[in-house]
Amino acid sequence: MSFNCRFAPSPTGPLHIGGVRTALFNWLLAKKNKGKYFLRIEDTDRERSKDEFKNQIISSLAWLGIKHDGAEYIQSKNIDKHVAIAEELIKKGLAYPCYCSEEEINEQKAKCKKQGMPYVYNRKWRDAKDLEIPKDVKPVIRFKSKISGNTIIKDLVQGERNISNSTIEDFVILRKDKSPTYQLSATVDDHEMKITHVIRGDDHMINSFKQKQIYDAMGWVVPHFAHIPLIHSEQGKKLSKRDNASTLEDYIKIGIISDALRNYLLRLGWSYKDKEIFTKQESIDLFDLSGVGKSPSKLDMARILSINETYIKTIDEKELFKFFQEYISKYKSSIDGKKESALIKSMGFLKNKAKTLEDIWNNAQYIIKDEIEIGVDDKKLLDDLSKTIIKEFINEYEKVSSLSRETLEPVIKSLIEKHKTNFKGVGQPLRIALVGSRFGPGLYDVILSLDKAEVIKRLKQI
RNA sequence: GGUCCCAUCGUCUAUCGGUUAGGACAGUUGGUUUUCAUCCAACAAAGAGGGGUUCGAUUCCCCUUGGGACCGCCA
């Protein structure tokens, strides 16, 4: 059995985190089954579709490591085919022109609302041989939906779903300007692309019932459907663009790395035993639609940060620096080339204090910036004894020829003994002078991460 | 309002009729430590309610309650 999956976003806005997960699940299912995963840009809403969003969607998915097979499929390029199918349906008597004006439709809706009844198009033109065709109205083409019986979809996630055909109206497949609507275009394209598995959000359930009828009308093979539960906001509602942290970009810009987000999204609505961390390969091997739950899940920023932290701690320093550099060049500022080697060396301890790449950026400021600022509270901690200790440290430090933790330790220890204090008594003033804050990396890490001249310069400023 | 759907710790989830209901994140407490963190350990935390079915229900069925999705010439 072949597996052809697709992700079909519309380029009318930045890529949504729910969409990213849908893409991930499609990709995973395809890869697991040695099938193909396609990307289809559904740009038939000409007013709202923008190239800028299309490009952003493609690069966002690339960032996540989801690569589509072949070139991306642009739906608007296939409009002629969609229209041709609509005409075929008309010929077969399975679609028909509807001459209701917008006002007429609106009246119907208002009437239904008033009566507390659900609105369904009244099928006025379905078999309207006797009706006089109005001259001034351009018709839309409606699909002749089944009136009686039921439509059943064996959903791979939701199980068997059954709906009475009477609740499905004769939906529009061609607008009055002859352009195809989503229901038609998506169905025709899925058929043409030989899509075997349609994985999409649960909000598409009704569409699948409608689309199944088009497949049946055309005598096409109906693909398998899998409707995955939606991702909810903290308020428990379908995530919308208005919610904060709803787009992929929102996560990238705070320094979430791609593997971590992939792992988080994978575990949102899907699970495999007690396993929490999945490499990309593991996720391909282990993914299965049977592991997808039926109930919607809420976004949990704390969990995202935690998984990100795990990944940051796990990956090696060089790779981490690569991610870091990529991140700051886009969202912060690029760094002086001279600082690079110091930063790479420091990733090892910097990452222990970070949940995000942004944390690393913040914690590395003392290396990145030439001038450090000492906070007011920290400045107060620098009393006369501190200043004496700093002066004495400078004298000893200058004498050390090869700098290492081993050569530095005796210096610190002798100062502790001389002033009958503890590590904090010596370490804190030095850290404040070098980092600008009493919170920071371990003292030896700090001293060794800076040039000797820089250390002396900063200490002498006190 | 109509149609459809969902329901285990605060959150993500495990359990596919028999478990002291497990794990992870967050939380609390304690320990390690060079500050902050990390790390380690412990604690606390759940089957919405009511009926069935069954020797036995979190698990199967029904009702109630709560929540959600859809109801565009958007996709």
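Since we're looking at a predicted model, the values are computed, not measured. Order of the sequence lines sets the chain letters (A, B, ...), proteins ahead of strands, with each chain counted from 1.
You won't find any donor-acceptor pair under 3.5 Å spanning the side chain of A:R303 and the base of B:A26, going by distance alone. Side-chain atoms of A:R431 come within donor-acceptor range of the base of B:U34, with a qualifying N/O pair under 3.5 Å.
Counting any heavy atom pair closer than 4.0 Å across all strands shown, A:K424 reaches no nucleic acid atom. Residue A:P229 is out of contact with every strand shown, counting any heavy-atom pair closer than 4.0 Å. Nucleic acid contact class of A:Y444 (heavy atoms, under 4.0 Å, all strands): base. Contact annotation for A:I206: backbone-only contact, meaning every heavy-atom pair under 4.0 Å involves sugar-phosphate atoms and none involves a base. Backbone-only contact: A:E309 has heavy atoms under 4.0 Å from sugar-phosphate atoms and none from a base. Residue-level contact check: A:R21 touches neither bases nor backbone, having no heavy atom under 4.0 Å from any strand. Counting non-hydrogen atoms under 4.0 angstrom, A:G236 reaches the backbone sugars and phosphates but no base. Looking at heavy-atom distances under 4.0 Å, A:G269 makes contact with sugar-phosphate atoms alone, never a base. Residue A:V172 is classed as a sugar-phosphate contact, given heavy-atom separations below 4.0 Å to backbone atoms only. A:K275 comes within 4.0 angstrom of nothing in the nucleic acid, heavy atoms only. Residue-level contact check: A:N363 touches neither bases nor backbone, having no heavy atom under 4.0 Å from any strand. Within the nucleic acid shown, A:E42 comes within 4.0 Å of sugar-phosphate atoms alone, with no base atom in reach, counting heavy atoms only.
If you take CD of A:Q235 and P of B:U11, they are 14 Å apart, rounded to a whole angstrom. Between the C1' atom of B:A69 and the CD atom of A:Q158 lies a distance of 10 Å, rounded to the nearest Å. Atom OH in A:Y264 sits roughly 12 Å away from atom P in B:U11 (whole-Å rounding).
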Exercise. Could you walk me through whether A:H227 and A:S208 pass the side-chain hydrogen bond (donor to acceptor under 3.5 Å, both in side chains) check?
Worked result: CA-CA 9 Å; A:H227 292 89; A:S208 295; 2.7 Å; yes
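Using a cut-off of 4.0 Å between Lys/Arg side-chain N and Asp/Glu carboxylate O, A:E42 and A:R40 are scored as salt-bridged. The residues A:D383 and A:K387 are annotated as not salt-bridged, no charged nitrogen and carboxylate oxygen being separated by less than 4.0 angstrom. A salt bridge does not link A:E88 to A:K81: none of the charged nitrogens lies less than 4.0 Å from a carboxylate oxygen. Ionic pairing of A:D190 and A:R6 is present here: one or more N-O contacts between side-chain nitrogen and carboxylate oxygen are shorter than 4.0 angstrom. Ion pairing between a basic and an acidic side chain is recognised when a charged N comes within 4.0 Å of a carboxylate O; A:K413 and A:E417 show no such pairing. A salt bridge is absent between A:K345 and A:E317; no separation between the charged side-chain nitrogens and carboxylate oxygens falls under 4.0 Å. Note on A:K238 versus A:D203: salt bridge recorded, some NZ/NE/NH1/NH2 to OD/OE distance being below 4.0 Å. Looking at A:K298 and A:E234, no side-chain N of the basic residue comes within less than 4.0 Å of a carboxylate O on the acidic one, giving no salt bridge. Residues A:D170 and A:R123 are paired through a salt bridge, judged by an N-O separation under 4.0 Å between the basic side chain and the carboxylate.
Of all nucleotides listed (B:U13, B:U35, B:A75), B:U13 comes nearest to the side chain of A:S271. Comparing B:G23, B:A75, B:G68 by their nearest atom to the side chain of A:R267 picks out B:G23. For A:I163, the listed nucleotide lying nearest its side chain is B:U3; candidates were B:A24, B:C12, B:U3. Across B:C73, B:A75, B:G68, the shortest atom-to-atom separation from the side chain of A:K237 is found for B:G68. Side-chain atoms of A:S306 lie closest to B:C25 of the nucleotides B:C6, B:C25, B:G22. If you check B:C70, B:C4, B:C12 against the side chain of A:K238, the one that comes closest is B:C70. Closest to the side chain of A:F423, from the set B:C73, B:U3, B:U34, is B:U34.
Residue A:T181 has no polar side-chain atom (N or O) positioned under 4.0 Å from OP1 or OP2 of B:C73. For the OP1/OP2 pair of B:C5 and a distance below 4.0 Å, the side-chain nitrogens and oxygens of A:K294 include no atom meeting the criterion. The phosphate of B:A75 has OP1 or OP2 within less than 4.0 Å of a side-chain N or O from A:T44. Dashed line: the shortest gap from a side-chain N or O of A:R161 to OP1 or OP2 of B:A69 is not under 4.0 Å.
B:C5 and B:C40 are spaced 44 Å apart, taking the C1' atom of each and rounding to whole Å. The separation of B:G49 from B:A57, taken at their P atoms, amounts to 15 Å, rounded to a whole angstrom. Comparing B:U58 with B:U15, their C1' atoms are spaced 9 Å from each other, to the whole Å. Spacing of C1' atoms, B:C71 relative to B:U53, comes out at 37 Å, to the nearest Å. Spacing of P atoms, B:G23 relative to B:A45, comes out at 14 Å, to the nearest Å. A gap of 8 Å separates the C1' atoms of B:U59 and B:C16, to the nearest Å. Annotation: B:U35 and B:G31 have their P atoms spaced 13 Å apart (nearest Å). To the nearest whole angstrom, the two P atoms, one in B:U3 and one in B:A44, are 47 Å apart.
In this structure, B:U54 makes no Watson-Crick or G-U wobble pair, since no nucleotide meets both defining distances under 3.5 angstrom. Under the Watson-Crick or G-U wobble criterion, with both distances below 3.5 Å, B:U19 has no partner in any strand shown. Here B:U38 sits opposite no nucleotide as a Watson-Crick or G-U wobble pair (both hydrogen-bonding atom distances under 3.5 Å). Nucleotide B:G1 forms a Watson-Crick or G-U wobble pair with B:C71, both donor-acceptor distances falling under 3.5 Å. Summarising the base pairing, B:A44 is matched to no nucleotide, lacking a Watson-Crick or G-U wobble pair whose two defining distances lie under 3.5 Å. The nucleotide B:A7 finds its pairing partner in B:U65, both defining distances of the Watson-Crick or G-U wobble pair being shorter than 3.5 Å.
The distance between the ring centers of A:F7 and A:W27 does not fall below 6.0 angstrom.
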Exercise. What string of B, S and - do you get for nucleotides 59-65 of chain B, 5' to 3', when a contact is any protein heavy atom under 4.0 Å?
Worked result: -------
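For the contact set between residues 295-302 of chain A and RNA chain B, defined by any heavy atom under 4.0 Å, the members are A:S295, A:S297, A:K298, A:D300, A:A302.
No hydrogens or angles considered: nothing links the side chains of A:T356 and A:N308 as a donor-acceptor pair under 3.5 Å. Using modelled atom types and a 3.5 Å distance limit, the side chains of A:S76 and A:D43 yield a donor-acceptor pair.
Both geometric conditions, a ring-centre gap below 5.5 Å and a plane tilt below 30°, are not fulfilled together for A:H232 over the base of B:G67.
Toward the 5' end of RNA chain B, the nearer of the two residues A:D445 and A:M205, judged by each one's closest nucleotide, is A:M205. A residue-by-residue look at A:S164 and A:Y182 shows that A:S164 has its nearest nucleotide of RNA chain B further toward the 5' end.
With sequence neighbours excluded, the residues that form a side chain to side chain donor-acceptor pair (under 3.5 Å) with A:E72 are A:H68.
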